[in-house]
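Not measured: the values here are computed from a predicted model.
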Amino acid sequence: MLYGILAATSALLLAAVLTAVLRMAALRLGIVDRRWRRPMPLSGGVAVVAATCGVAFVGDWRGVTPLGPDVGRLLVAGAGVALLGLVADVRRVKARFLVGGTAVAAACVVPYEETGVLAGMLAVGWIVFVALGFKALDHADGLAGTVGVVTAFGAGACAAAEVMDGLAVLLSVLAAALTGFLMHNWHPARAGLGACGALFTGFVLASAAVTTRAGQELGSSAGVLSALTAVVSADVLLVVLARGLSGRPLLRAAPDHLAHRLRRLGLTPQGAAVVLGVAAFGGVLVAVLVHLGWIAATGALWVAGGALLVVLALLRVKCGSAQRPVSTQVRAPLRVRNG
């Protein structure tokens, strides 16, 4: 317990300091998310990855909280996905390379001996979906970080319930690192997460959740996993439906995500992040309660139904085109990086 608190505190401070230190380097090297008014340095992603991996590996090296081979492999694969994301932040990378690289990493961490081959393949697809979903969710100040913190605590609670101490500590360290990053990313943001941090966050969270639910009934596991990432799934579904119905290319960036539409309804940038953070907490709470067996697995269906209703309601909110920003307060990327 004491080490867990110390590790989380160290990760929080390290991520906060690294985000600030690397900010100028990101600006000079052109590792930025180009907004309409000013470029946003993407120093947060490297900071979150470095803080999470560094603190976790130090704890394992010192023998205080051994990660174990499975968690260690998960973290190494996550670092590889983060490196792929960093390349995408520096230069254009086609979507198929991001999908393929993330899928290879996911295939290396799924516990097939517990899930079976078919369920394991489904798990790989779900991990890729969540990782890319977090990348798409990074479209507004404070949003991806807030949802990531909430989801990490929920997945960590599930891991702790299964006595997976190494995995629970890793998730608490990730949550703390994201909190340190949020000190610079809350509106008005001074640093961004980028593909590096967003893919790493989504990959680690999804892989950890799959590991926690491995060997349990497939239907209830699907409910728990979907409830854990309800906001991410809702954002992806909203964008796919909106662009499909309007005949726009799926991968062309446009201000039509969740936060963009909430801003159209009059919410402030901070308000949109808080509302979606609360929504994520609701889904995570249901997922944890189902995992613990305190409520029926059908509780996850209510989360899915609620998310679908929100998506259908927000589809009616008109959004600006890709050439005009909804607001300078919410990110509307000029390039395809944030989907």
Polar side-chain atom of [X] near backbone of [Y] as donor-acceptor pair, under 3.5 Å:
{"X": "Asp141", "Y": "Trp186", "answer": "no"}
{"X": "Tyr112", "Y": "Leu118", "answer": "no"}
{"X": "Ser207", "Y": "Val204", "answer": "no"}
{"X": "Asp235", "Y": "Leu258", "answer": "yes"}
{"X": "Ser226", "Y": "Gly223", "answer": "yes"}
{"X": "His184", "Y": "Phe181", "answer": "no"}
{"X": "Arg261", "Y": "Lys318", "answer": "no"}
{"X": "Asp33", "Y": "Met40", "answer": "no"}
{"X": "Asp60", "Y": "Leu67", "answer": "yes"}
{"X": "Glu162", "Y": "Met164", "answer": "no"}

Report yes if the side chains of [X] and [Y] come closer than 4.5 Å at any heavy-atom pair, otherwise no.
{"X": "Val147", "Y": "Phe134", "answer": "yes"}
{"X": "Pro41", "Y": "Ile31", "answer": "no"}
{"X": "Val274", "Y": "Thr146", "answer": "no"}

Using 0.5 Å steps for rounding, measure from the [atom1] atom of [X] to the [atom2] atom of [Y].
{"X": "Leu171", "Y": "Thr151", "atom1": "CG", "atom2": "OG1", "result": "10.5 Å"}
{"X": "Leu170", "Y": "Thr211", "atom1": "CG", "atom2": "OG1", "result": "10.0 Å"}
{"X": "Leu22", "Y": "Leu42", "atom1": "CG", "atom2": "CG", "result": "11.5 Å"}
{"X": "Ile127", "Y": "Leu205", "atom1": "CD1", "atom2": "CG", "result": "11.0 Å"}
{"X": "Leu86", "Y": "Arg91", "atom1": "CG", "atom2": "CZ", "result": "12.5 Å"}

Cluster check [X], [Y]: I/L/V/M/F/W/Y, side chain < 4.5 angstrom:
{"X": "Leu167", "Y": "Phe57", "value": "yes"}
{"X": "Leu312", "Y": "Val317", "value": "yes"}
{"X": "Phe281", "Y": "Leu292", "value": "yes"}
{"X": "Leu18", "Y": "Met183", "value": "no"}
{"X": "Val240", "Y": "Phe129", "value": "yes"}

Review point. Does Leu122 sit in a hydrophobic cluster with other residues, and if so which ones, taking ILVMFWY side chains as linked at heavy-atom separations under 4.5 Å, directly or through other members?
Key: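 The other cluster members (ILVMFWY side chains, heavy atoms under 4.5 Å, direct or chained): none.
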Review point. Remaining members of Val117's ILVMFWY cluster at a side-chain heavy-atom cut-off under 4.5 Å?
Key: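 ILVMFWY cluster around Val117 also holds Met121.
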Can you name the side chain to side chain donor-acceptor pair (under 3.5 Å) partners of [X], sequence neighbours left out?
{"X": "Arg248", "result": "Ser246, Asp256"}
{"X": "Gln216", "result": "Arg213"}
{"X": "Asp165", "result": "none"}

Check your understanding: Quick one: salt bridge (charged side-chain N to carboxylate O under 4.0 Å, His left out) partners of Arg73, sequence neighbours excluded?
Key ->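 Once residues adjacent in sequence are excluded, the partners of Arg73 under the salt bridge (charged side-chain N to carboxylate O under 4.0 Å, His left out) criterion are Asp70.
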Review point. In terms of ring plane angle, is the pair His260 and His139 parallel, tilted or perpendicular, where the classes change at 30° and 60°?
Key: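 Taking His139 first and then His260, their aromatic rings sit tilted (interplane angle of 30° to 60°).
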Exercise for review: Could you pull out the closest heavy-atom pair between Gly120 and Val110, with the gap in Å?
Suggested key: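 Here Gly120 and Val110 meet closest at CA-CG1, 3.7 Å.
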